[in-house]
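Notes for the one structure printed next.
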Amino acid sequence: MRLSQTAFAAFLSIAIPSVEAFTPASLSIAASGNTQMTFSNSLSFTSLSPGSLSSKLQFPTSSLFSTLDPYDDDEDEDDEDEDDEDDDDYPTLTASRQGSTKFPKLDPYDPNPPIKPRPGRYGFQSLEMEMEEAVPDSSLVQTMTQKQREENLKIMRQIKNSDLADLRLRKDHAGWVDANNDLKARTKADPWFRVNDKIRDAYLLGEEEEVERLKDLAEKLGGPPPGVKVGERGYALHTDIFDIGLSASRAQSALEQSVLEERVRRGRAMAAERRKNLDKEKKAWEDMLRNPGEREDKEAQARRERTMRRIMGEIEEENKKREERAKEMLGQLPELPKDNVTSLNKALKEAREDVKRLRKMRREGRGLGEVSDDADLTFINPEDRLAATDAGLSPESSKPKGSAARAREAAAAEASGGRPRLPGDTDVTRGEIDIPIESSSLKATGPLTVEVSSSYNNAQSDPPMRKHCFQYTIRITNNSPTDTIQLLSRRFEIQTVGSSMKDVVQGQGVTGRTPILKPGEVFEYTSTAPLSVRPIATTIIAARMKGEYKYVTLSEGQETATEEQIKEGGDASAELGMFHFVFPEEQRVKPVTAVYDDDEDDDETDMKTTTVSSSTYSSTRSATTAPRAETPPAPKVAASPASTLPGDTDMSSGNIVADTSDSSNVVTDNVRVQVSSIYRPERSDAKLDKHCFAYNVRITNESPSQNVQLVSRRFEIQTIGSDTKDVVQGAGVTGRQPILKPGESFEYTSTAPLSVKPMLDKTAVVARMQGEYNFVLLGEDGTSPLSSTPLQAKMGVFHFILPDMEAA
């Protein structure tokens, strides 16, 4: 096949637009016969015609073009057979650029031609890095100000952390490429980023000198942009540059790693503790084999030491309490011996003085008995010693007190909490008040007026346990027109009904303060008086109280009392008038016809008695002054000792089949017996299987016209798990045999301390109780029995139930 000049020119005019991008500055076509054609890159093929193109092209005279014939279509078929042979006759293209190396030879079968390289995993990063590496480090110059660098870094972080991720989610590839190119351009704009990457690579490769050189270069470029921190290694991390926080997955993995490390640490500690315990047990076992009995001796010694420490602690605590009581009573601690020798010498000295005094009194004939000169040292109580110095004492008053008398005094002092006590008023002791009963008082003493009022506090009272709380409000007014008064101390005397002694309460200040009252001012406060007292039928009061307040009058210009005045307790007193703590109507005991002695309550120490009547009476005072009718004795029933009976099967096994009620209500022969029980946790100890219950019994005479008298009782009690019933019977009720008129009731509360192991897996019941009360009918006079044969009022079956299991 032969190529004409015109055809070749036309081919070049068509191909030039597509190859213009890589057409070299000059093109040489080497033909056969060592003939070369040269083209100029300055040709404009678009404006040239084939004729002009041939005139512009410089074709040297050669055998290549001289042998070319004009294009002839008739010769196509003949030339097709020669195509394969003429392939090797085509010219070879070579390119050259001025000032550079020759372009490599093009291979049409190369999948990666250098003209259009394929992007790698990171795009064209390799080519870009090569282009950047071509720029030497010494030519890097910072062209941005710190403000511009800060703004540039802010935009870079926005693109990296937000824009790229948002565009990826929206699948906007073109936008993602533009944003990524913008990020790269901004990174290149600040040469510090390039130096930072090189510092990182040099550090990882261990090139310390290169790291130092690059650090100096980074400082010359202005250091890191504002907002970027460089670490100890000398370069900033990628996460610090773009402010990338800890991802949720990395935080979760870090947390799991911390948990795992903590578990490993605890496991190792437990293993070490176990090894330590095993070694200790092994050593103890070896010691026991080596020295039999030594272990038991050590345990016994440890128990003795613990016991002694506990006993000594109790003794020390008791001594402290005694010292506090002595200080409260005497105002200061008495001088005590420091050791046993000093104590013994003091006792001997007092004994010698006692003997001398007794001998002197015998010689003077003052009636203290015969004491020989050879008498031994005789001990006399300190109070007797002081009394013996008085020459006018009778022999009875100077005799030493017996142990029983001293025990009674100690018990009384202990019951009063160590407070001073005085003989009480006779009417309060008897319960027959002979003065008007007032729950308030108003008393004016000098410039002060003391007003007091009292009331019953239901919230803090527990009547079944004989705990009654009263509150009283005291109002102190300074009536002086000119004097300023300061209260310094108080002193009260309280006597509960039935008690033969008064408790004296005294102390500094009022409610912990020493108030100052100017002319016309008022000081008011409220306090409580918790009393342990049982109501009685002869009076409605619980206690009587009176007292006084010590005060001092401040001189002009004096703001408060001096220490001497406070120590003396004041120079004047204001009296607190006598008043009474009065039981409310529901707590009062309404009298019955029979008269009983309080000492009979000792038969049942756990009983607490309250008698309630539905009938009314005019007033307590009139009831107390009215003469009591003599009541003939009721038929006596001898108390028999407790016995046992066969128990119920369901209580023995714990599988209760009856109704487990904690109360009952039964009427027998017009006598109603109501009973209810309650658990007393403050008097129980579940660890020791001790459970205490209180049960309240109310006996009512529902006969329309017949009086009845209770004469005896009989109870049957069976604890859970027991095969027998305990039978308790005796005369009267709480030591009494009350007479009930039609409509009247007798009510009392008693306790049942049980020592029983509950069957909590089966039932909360710990005991079952039932019984009966024996009573007789009285004649028309209301006092004489109609028959000596008593009737029975049944107490229905009820149970003592633990509260927790009952709630469950």
Is there side-chain contact between [X] and [Y], with at least one heavy-atom pair below 4.5 Å?
X: Y679; Y: L802; result: yes
X: I678; Y: F693; result: no
X: I656; Y: I720; result: yes
X: K690; Y: P753; result: no
X: Q508; Y: T514; result: no
X: L531; Y: F470; result: yes
X: P225; Y: F193; result: yes
X: N196; Y: I241; result: yes

Taking all non-hydrogen atoms of both residues, which atom of [X] and which atom of [Y] are closest, and how far apart?
X: A767; Y: L754; result: CB-CD1, 3.6 Å
X: L164; Y: W176; result: O-CD1, 3.5 Å
X: P758; Y: D689; result: CD-OD1, 4.2 Å

Electrostatic pair [X]-[Y], nearest N-O below 4.0 angstrom:
X: R290; Y: D287; result: yes
X: E262; Y: R266; result: yes
X: D137; Y: K220; result: no
X: R275; Y: D279; result: no
X: D650; Y: K762; result: no
X: R680; Y: E682; result: yes
X: R310; Y: E314; result: yes

Exam field: side chain [X] to backbone [Y], donor-acceptor pair closer than 3.5 Å:
X: S684; Y: C692; value: yes
X: Q148; Y: T145; value: yes
X: N319; Y: I315; value: yes
X: S652; Y: S722; value: yes
X: R233; Y: L204; value: no
X: D648; Y: M651; value: no
X: D662; Y: S676; value: no
X: H799; Y: S661; value: yes
X: T763; Y: V765; value: yes
X: T528; Y: Q471; value: no

[atom2] on [Y] to [atom1] on [X], rounded to 0.5 Å:
X: E207; Y: E212; atom1: CD; atom2: CD; answer: 12.5 Å
X: K283; Y: M288; atom1: NZ; atom2: CE; answer: 15.0 Å
X: Y456; Y: H468; atom1: OH; atom2: NE2; answer: 5.0 Å
X: E219; Y: W192; atom1: CD; atom2: CH2; answer: 10.5 Å
X: R186; Y: I155; atom1: CZ; atom2: CD1; answer: 4.0 Å
X: R250; Y: L255; atom1: CZ; atom2: CG; answer: 14.0 Å

>> Using the rule given for salt bridge (charged side-chain N to carboxylate O under 4.0 Å, His left out), can you reason through E261 versus R265, listing the C-alpha separation, both sets of side-chain angles and the distance that settles it, and then say yes or no?
In response: CA-CA 6 Å; E261 292 176 357; R265 185 188 65 80; over 6 Å; no

Determine whether more than 12 heavy atoms belonging to other residues, nucleotides or ligands lie under 6.0 Å from atom [atom1] of [X].
X: E209; atom1: CD; result: no
X: E208; atom1: CD; result: no
X: E210; atom1: CD; result: yes

> Do D190 and Q142 have side-chain N/O donor and acceptor atoms under 3.5 Å apart?
Replying inline: yes

>> Under a 3.5 Å cutoff, is there a donor and acceptor pairing between the side chains of E256 and Q252?
In response: yes

> Step by step, would you call Q146 with E150 a side chain to side chain donor-acceptor pair (under 3.5 Å)?
Replying inline: CA-CA 6 Å; Q146 291 295 102; E150 183 179 2; over 6 Å; no

>> Applying salt bridge (charged side-chain N to carboxylate O under 4.0 Å, His left out) to E317 and K321, what does each step give before you reach the verdict?
In response: CA-CA 6 Å; E317 186 68 22; K321 291 181 179 179; 5.1 Å; no

